[in-house]
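These values consider heavy atoms only, across backbone and side chains, with no hydrogens, waters or symmetry-generated copies. Numbering of ligands and ligand atoms starts at 1, following listing order.
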Amino acid sequence: MPTIPANLQAVSARIAAASAAAGRPTGAVILLAVSKTWPAAAVRAAAAAGQRAFGENYVQEGAAKVAEVNDPALEWHFIGPLQSNKTRPVAETFHWVHTIDRLRIAQRLSGQRPASLPPLQVCIQVNVSGEASKGGCAPAQAEALATAVAGLPRLRLRGLMAIPEPTTDTVLLRSRFAQLRHLRDHLNTLGLALDTLSMGMSGDLEHAIAEGATLVRIGSAIFGTRMQKENTI
Ligand SMILES: *Cc1c(COP(=O)(O)O)cnc(C)c1O
């Protein structure tokens with residue numbers, strides 16, 4: 001895995017350039033390294049190069065990797081679809097969950113979060129492209145869901161997350177990211193104090209940062225092309 005440090009540097013340079021182009025301060029965008037399908041050794045290689053935040057999509061794979069890497073300096077984000085019968089290992093293992101899209105999941109995570117750990121940091125996933133197959137709440141439901149989630153004792157609502165539909169239409173793509181930002185701004189007028197916009201991946205991070213992303217989720221540009229079949233996006 002000798003290319004991981006170089007890839008991390010290249011991605012950081014893209015983030016810095018996009019931030020500068022958008023007139024945003026350096027350090028305003030967090031890099032989440034999406035290590036799904038890659039072994040613990042890949043995480044260790046990235047961590048040795050200074051990477052701190054890692055994202056996982058699958059409950060069993062992610063929980064096992066967190067335990068295997070066993071590095072208390074790292075921060076683990078769950079970014080995959082979450083079924084209500086699989087919330088416990090996530091509540092017990094991860095620092096963040098980006099994919100809250102219904103109250104039932106949030107209630108279970110709050111109830112299962114161990115008292116020995118700080119509150120679970122969460123984002124609400126919004127289906128900005130309206131695709132039937134995609135996770136995320138409808139934009140019209142986000143306000144009610146956010147208000148309810150903010151009241152749960154063992155969760156801390158940090159912001160919103162979206163995965164727009166794959167498209168080469170950059171005007172459309174930018175409008176999806178902008179929609180998530182507008183929704184965040186609206187929720188903040190209600191007093192929610194959301195500081196996180198989780199949007200942008202390897203292929204579109206520049207557009208996401210131009211529209212206000214505070215956290216980009218980057219897999220293939222750091223670790224390489226995934227071989228394993230994907231069933232989530
Ligand atoms: C896999 C995945 C990513 C990373 O995608 P890349 O295109 O490899 O950067 C980001 N977010 C989510 C939710 C993912 O499932």
> Could you tell me whether some N/O pair between G219 and ligand 1 is separated by less than 3.5 angstrom?
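Yes: some nitrogen or oxygen of G219 is under 3.5 Å from one in ligand 1.
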> Would you call K134-E165 a salt bridge at under 4.0 Å N-O?
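Looking at E165 together with K134, the answer is no, because their closest N to O distance does not fall below 4.0 Å.
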> Taking only heavy atoms of I79 into account, list the atoms of ligand 1 that are under 4.0 Å away from them.
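Ligand 1 atoms under the 4.0 Å threshold to I79: 11 (N), 12 (C), 13 (C), 14 (C).
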> I'd like to check which ligand 1 atoms, numbered from 1 as shown, lie under 4.0 Å from a non-hydrogen atom of I218.
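In order of number, 9 (O).
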> How does H98 reach ligand 1, if at all, at less than 4.0 Å between non-hydrogen atoms: by side chain, backbone, both, or neither?
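For H98, there is no contact with ligand 1 at all, from either part.
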> Closest approach of S129 and I163, non-hydrogen atoms and distance?
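Shortest heavy-atom separation between S129 and I163 comes out as OG-O, 4.3 Å.
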> Heavy-atom contacts under 4.0 Å between I163 and ligand 1: side chain, backbone, both, or neither?
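Just the side chain.
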> Can you tell me how the ring of F54 sits relative to the ring of F223, calling it parallel under 30°, perpendicular over 60° and tilted otherwise?
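The rings of F54 and F223 sit tilted, inter-plane angle from 30° to 60°.
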> Does H98 have its ring centroid less than 6.0 Å away from the ring centroid of H77?
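Yes, the ring centres sit under 6.0 Å apart.
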> Closer than 4.0 Å to some heavy atom of R217 - which atoms of ligand 1 meet that?
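Listed by number with element, the hits are 4 (C), 9 (O), 10 (C), 11 (N), 12 (C), 13 (C).
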> Salt bridge or not between R174 and E211? Use side-chain N to carboxylate O under 4.0 Å.
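Counted as a salt bridge, because a side-chain N and a carboxylate O are separated by less than 4.0 Å.
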